[in-house]
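Here's the structure we're looking at; comments come further down.
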Amino acid sequence: MSVIISPSLLSADFLHLGRDVEMVNRSDADWFHLDIMDGVFVPNISYGLPVVEHIKKAACKPLDVHLMIVQPERYIDAFARAGADILTVHAEASTHLHRTVQQIKAAGMKAGVALNPHTPVHALEDILQDLDVVLLMSVNPGFGGQSFIPHTLEKVRKLRALLSGSGSPACIEIDGGVNFDTGRRLLAAGADALVAGSFVFKSSCPEETIRGLKNL
Ligand code: DX5
Ligand code: ZN
């Protein structure tokens, strides 16, 4: 199966968001990655529900929504109504992660759990069977354009082994500092899906950059 590419609109041109959504529609990308930040869980604020609703109207690919917010369980139904197809919460932000994951599925979405760089993949050992996506942060969440943390490669290998052992169907998605070089190394380590923000949107031809990532 070929790699899943999920361009992060955090690095899009917010004055011309419709144009950038159309570009992703036309491109070889598979998902739209939408970063929701609350200024509490992470030291930055991005955009919220009305923007997601509008993107949903224009997007013809699944919305992969990454919640970087505290108590994400409070907003599950709101993001389902706004059009999220995959909803990913941080393990560090949800005290009752198992319940949160069940609520995401009951609301009709695929369930993802994200881990910060310092959180061991073993923290998910007893919930892997219930997940559709495990999102490993390869930068500290909050900002686009940061450098890839190389230890992520080791985490991908460990997680791949854990998933095979558990029979979980979850896919491994990586977020932060992805480019052709890190992307290639991540795929070799066992990643299934790559998020890319600045590498795509700051490039001279974003559509071609997406094609390059898809063909790594
Ligand atoms: C960071 C976000 C990422 C961000 C990645 O907290 O979760 O999705 O957009 O940006 P790049 O690809 O520029 O590192
Ligand atoms: Zn993200």
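The figures that follow rest on heavy atoms only: side chains count, while hydrogens, waters and symmetry mates do not.
- In this structure, V200 is a member of the same hydrophobic cluster as L34, with clusters built from ILVMFWY side-chain heavy atoms closer than 4.5 Å.
- By the ring pair (Phe, Tyr, Trp, His ring centres under 6.0 Å) test, F41 is found to be paired with H90, residues two or more places apart in sequence or in another chain being considered.
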**Study point:** Test side chain to side chain contact (heavy atoms under 4.5 Å, CB included) applied to V52 and I36, step by step
**Key:** CA-CA 9 Å; V52 177; I36 310 299; 3.9 Å; yes
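- Within the structure, side-chain hydrogen bond (donor to acceptor under 3.5 Å, both in side chains) contacts touching residues 77-87 (residues at least two apart or in different chains) are K56-D85.
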Point to revise | Criterion side chain to side chain contact (heavy atoms under 4.5 Å, CB included) on V3 and L213, from CA distance to verdict | key: CA-CA 8 Å; V3 56; L213 286 168; over 6 Å; no
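- Applying the salt bridge (Lys or Arg N to Asp or Glu O under 4.0 Å) criterion to K155, with sequence neighbours excluded, gives no partner residue.
- For the residue pair D64 and H66, no side-chain donor N or O sits within less than 3.5 Å of a side-chain acceptor on the partner.
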Practice item. Before giving the answer on salt bridge (charged side-chain N to carboxylate O under 4.0 Å, His left out), spell out for E73 and R99 the whole-Å C-alpha distance, their side-chain angles and the decisive distance to 0.1 Å. Key: CA-CA 9 Å; E73 53 281 352; R99 179 185 290 147; over 6 Å; no
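- Within a 6.0 Å sphere centred on NZ of K110, other residues, nucleotides and ligands contribute 12 heavy atoms or fewer.
- There is a path of hydrophobic side-chain contacts, each under 4.5 Å, that joins V65 to L9.
- Here the shortest heavy-atom pairing between P120 and L115 reads O-CD1, 3.9 Å.
- Checking S203 against T209 by side-chain atom types alone, a donor-acceptor pair falls below 3.5 Å.
- For D38, there are no salt bridge (Lys or Arg N to Asp or Glu O under 4.0 Å) partners at least two apart in sequence or on another chain.
- Checked against salt bridge (Lys or Arg N to Asp or Glu O under 4.0 Å), E208 has no partners two or more places apart in sequence or in another chain.
- In this model, a donor atom of one side chain and an acceptor atom of the other lie less than 3.5 Å apart for K214 and S2.
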Review point. Going through the distances and angles, do R160 and D192 end up as a salt bridge (charged side-chain N to carboxylate O under 4.0 Å, His left out)?
Key: CA-CA 10 Å; R160 180 47 70 207; D192 303 298; 2.7 Å; yes
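- S11 and S198 form no side-chain donor-acceptor contact under 3.5 Å, judged by distance and modelled atom types alone.
- Side chains of N116 and T119: a donor-acceptor N/O pair is absent below 3.5 angstrom, by distance only.
- Between E154 and R157, at least one side-chain N (NZ, or NE/NH1/NH2) sits under 4.0 Å from a carboxylate O, which counts as a salt bridge.
- Scored by the ring pair (Phe, Tyr, Trp, His ring centres under 6.0 Å) test, F79 finds no partners at all (sequence neighbours excluded).
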